[in-house]
J.: 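Have a look at the structure that comes next, please.
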Number of protein chains: 2
Amino acid sequence: MIDRSSMEMQVQPQTAARMKCMRRADHAPNGAGVTLNDVAAHAGVSRATASLVLRQTGRVSEATRERVRASMSALGYVPDRGAAALRNHTSNTVGVVVTNLANPFFGELLHGLEKSLAAAGFACLLVDTSDDPDAQDAAVRELRGHKVAGLAIVPATGTTAEFPASLQELGLPFVFMTRYLPGTPAPYVGADDVLGGNLAARHMIDVHNATTIAYVGGPIGMLSRENRIGGVKRAMADAGIAATSLHEFPSETSGAGGLQAGRELIDSGLRPDVIICHSDSVAFGVYRALRLHGLADDIAVTGYDDVATAALWEPPLTSISTHGTELGHRAAAHLLEQLAGGNPQLVQRTTPEIAVRQSCGCPAQSIG
Amino acid sequence: MIDRSSMEMQVQPQTAARMKCMRRADHAPNGAGVTLNDVAAHAGVSRATASLVLRQTGRVSEATRERVRASMSALGYVPDRGAAALRNHTSNTVGVVVTNLANPFFGELLHGLEKSLAAAGFACLLVDTSDDPDAQDAAVRELRGHKVAGLAIVPATGTTAEFPASLQELGLPFVFMTRYLPGTPAPYVGADDVLGGNLAARHMIDVHNATTIAYVGGPIGMLSRENRIGGVKRAMADAGIAATSLHEFPSETSGAGGLQAGRELIDSGLRPDVIICHSDSVAFGVYRALRLHGLADDIAVTGYDDVATAALWEPPLTSISTHGTELGHRAAAHLLEQLAGGNPQLVQRTTPEIAVRQSCGCPAQSIG
DNA sequence: GGTAATTGTGCCAATCAGCGG
DNA sequence: CCCGCTGATTGGCACAATTAC
């Protein structure tokens, strides 16, 4: 009995290995298709032991541990994440859902997010929703199928409170980034929009004596736009400026949107003291519109997000720094803490800062 | 015997279903954990039939097909991609490997890539290598574990010919994007760099009578930089300009890199007729350096890639359009055709165009 | 007889070849 | 021939069982 079983033990794996070699001999002479079984056979241990070594758990002697590791690298073993996910009902994957990859700010955000998640051993499954809530629902569905451990989401414009509710029902950890939703308190990481808008307006009112303000950019109904405008209004109220001195020109959040909204503003005949823009991209577009009409030196402009090129702009763009990359890191940390079973501060509103440059009318800094 | 087994057959699924309900009763009252088996039971068919309906293959009567579909949506079924991948040895996933997510050009590229892949039913597993070949190797390893169907890669600076060779050995379909490697002919989609550099230089020489040129930006050893410079040199040679009239200032491909290289150029005392930049970001940084020294109106500048903000720049930046989003679409198409078993044109070099604006010295276009 | 080290076995969800009404 | 089912298979993990000292 013992002899026979031990023979089987030896023969089985070898046969299996040979078949595999034959099956894809010229396709993949190296690591492709090497299974934990192959590793175990090569190291002369059971699949279970090999698994323990792989996951660095359980009690395995240092000697065999070393031997198994050697076999792994010798065979070029790559663990099959799908198989693990099947068994665990979860994977080392996080769904990342954004509204527009072409937006430079999201690039910076993603950069930070990806770095932190990768460092923790998670891979990013990326989806671009084109700011469409239906596409967002579809994305979540698909990502659920991939058994993502969690979701980092820039919610699409028009997302309702049902969305976070449904995620909660699913028991799927998530964080919203940079845009939060009205009503339901949901996990969130982003800069304080009210403060950001307030910061911009206060600077323009207090140091530049602005009395008429235009808020340009951001689609109607987007809460972050509402909030930033709220911050602007508060600054105006605090300074005793009538609310009627604020004019809104919503637009798509992009350079093209800013250009068009800027034209509309100019065509309207309005000549505000400042144009507070919803994003740096919008500000870039607005500047183009102003220059086309020779107005660039007459009206102050501020941006939002402080993207890398803002400081290089002519004139250097005064902007509200939301520190996109850092925000990405924090969103990752938020999600990772949830995944680790902790419960992090639900809503993390970072405090934005104003990066004062020249587009607001301030003098150039001396260069060190 | 028969009775017993048939009883087991009936009881098993119900018991399993009940256990599932209990296990996560308050966690996920809806679709989470619904399996194809549950769908089959609900529709009164076998798992296999349900599978056929799911994948829209095989011969299933329209009646049962409809019934199964109804059960799927009734239960909120979400197919488990991991299980499918385990069985198929491949997933509906593509690995996307880039060097720096924060680079706006890659944002545009990814936008196109993701859209096309998503339309074909593939999800993107995203990795940012920080332009490090070792991180790139690690990324491929990890992505292999996820059983990606293919790879879309912006190769890191310093990648050797061994890299595509190893991918080929693995039998893993891939495309390189925007940067190609010396030597080995590998699947590639990107704009023709020699032509791009040539286009910029020719314009400056032919219409602006430039005789001294500086090429700024791009790290040493990057082939796309070498090629663009090659194109510049050819234009110079064609015009009878000595090769010594070309000066190189390599830098990191970013605004910060451009700013620093621009300063170095200015400090060197050189005052070329044109500065041809390796990317728009670099051009933005160079412009800042020029403005700091009051030189912005004296030296012409061209960018590369024609990112969205290039047209909004002051002065509007003359650039080489490589059509990032379109490139992303084409890279996706290349990969998808490989996956479909076809063999697309291995190296697809799109022809870049020059977007003539004012930074080169051309007059402003009349506005329609 | 107790403890560290290792192993066997059943599962996870979907797919596919082969079989039968 | 059309339709649908059975049973085996995929790679890794968890738990109980088992060995060795």
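The sequence lines fix the lettering, A, B, ..., with proteins before strands; numbering per chain opens at 1.
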J.: Need one value for A:L36: base, sugar-phosphate or nothing, where a base atom within 4.0 Å counts as base even if backbone is also close, heavy atoms only.
T.: sugar-phosphate

J.: Dump the pairs, protein N or O against N or O of nucleotides 14-18 of chain D, anything under 3.5 Å, distances to one decimal.
T.:
residue: D:dA14; atom: OP2; partner: A:R55; partner atom: NH1; Å: 2.3

J.: Say whether, by atom type as modelled, one donor and one acceptor occur between the side chain of A:K147 and the main chain of B:R81 under 3.5 angstrom.
T.: no

J.: Which residue, A:V148, A:L126, A:V94, A:T93, forms the side chain to side chain contact (heavy atoms under 4.5 Å, CB included) with A:L143?
T.: A:V148

J.: Within this structure, what is the NZ-to-P distance between A:K147 and D:dG12, rounded to whole angstrom?
T.: 18 Å

J.: Just compare C:dT7, C:dA14, D:dC5 and give me whichever is closest to any side-chain atom of A:L52.
T.: C:dT7

J.: Rounded to whole Å, how long is the line connecting atom CZ of B:R144 with atom P of D:dG11?
T.: 14 Å

J.: Just the rounded figure in Å: distance from P of C:dA5 to CD of A:E66.
T.: 15 Å

J.: Whether A:S61 contacts C:dT6 is assessed here as follows: a side-chain N or O lying under 4.0 Å from the phosphate OP1 or OP2. Is that the case?
T.: yes

J.: Without decimals, in angstroms, what is the distance between A:R59 CZ and D:dA20 P?
T.: 20 Å

J.: Looking at C:dT7, C:dT6, C:dT15, which one has an atom nearest to any side-chain atom of A:S46?
T.: C:dT7

J.: Which nucleotide wins on minimum distance to the side chain of B:V45, given the candidates D:dC5, D:dG11, D:dG12?
T.: D:dC5

J.: To the nearest Å, how far apart are B:Q56 CD and C:dT15 C1'?
T.: 16 Å

J.: With the threshold set at 4.0 Å, does a side-chain nitrogen-carboxylate oxygen contact exist between A:R330 and A:E337?
T.: no

J.: Quick check against the 3.5 Å criterion: does B:S130 have a side-chain atom that pairs as donor or acceptor with the backbone of B:D132?
T.: no

J.: Using modelled atom types only, decide if a donor and an acceptor are shared between the side chain of A:H334 and the backbone of A:Q345 within a distance under 3.5 Å.
T.: yes

J.: Quickly work out the A:R81 CZ to C:dC12 C1' distance and round it to whole Å.
T.: 18 Å

J.: Does B:L86 or B:R67 map to a spot on DNA chain D nearer the 5' end, using the closest nucleotide for each?
T.: B:R67

J.: Rounded to whole angstroms, how far apart are CG on B:D80 and P on D:dT10?
T.: 18 Å

J.: Check whether any side-chain N or O of A:E114 sits under 3.5 Å from a backbone N or O of B:D128 as a donor-acceptor pair, and report yes or no.
T.: yes

J.: Please find the pair of heavy atoms, one from B:T129 and one from B:T99, that lie closest to each other, and give the distance.
T.: OG1-CA, 3.5 Å

J.: Look at the side-chain N and O atoms of A:T64 and state whether any lies under 4.0 Å from the OP1 or OP2 oxygen of C:dT6.
T.: yes

J.: Which part of the nucleic acid does A:T49 contact within heavy-atom distance under 4.0 Å: base, sugar-phosphate only, or nothing?
T.: base

J.: Could you tell me how far apart A:N37 (CG) and D:dG12 (C1') are, to the nearest whole angstrom?
T.: 10 Å

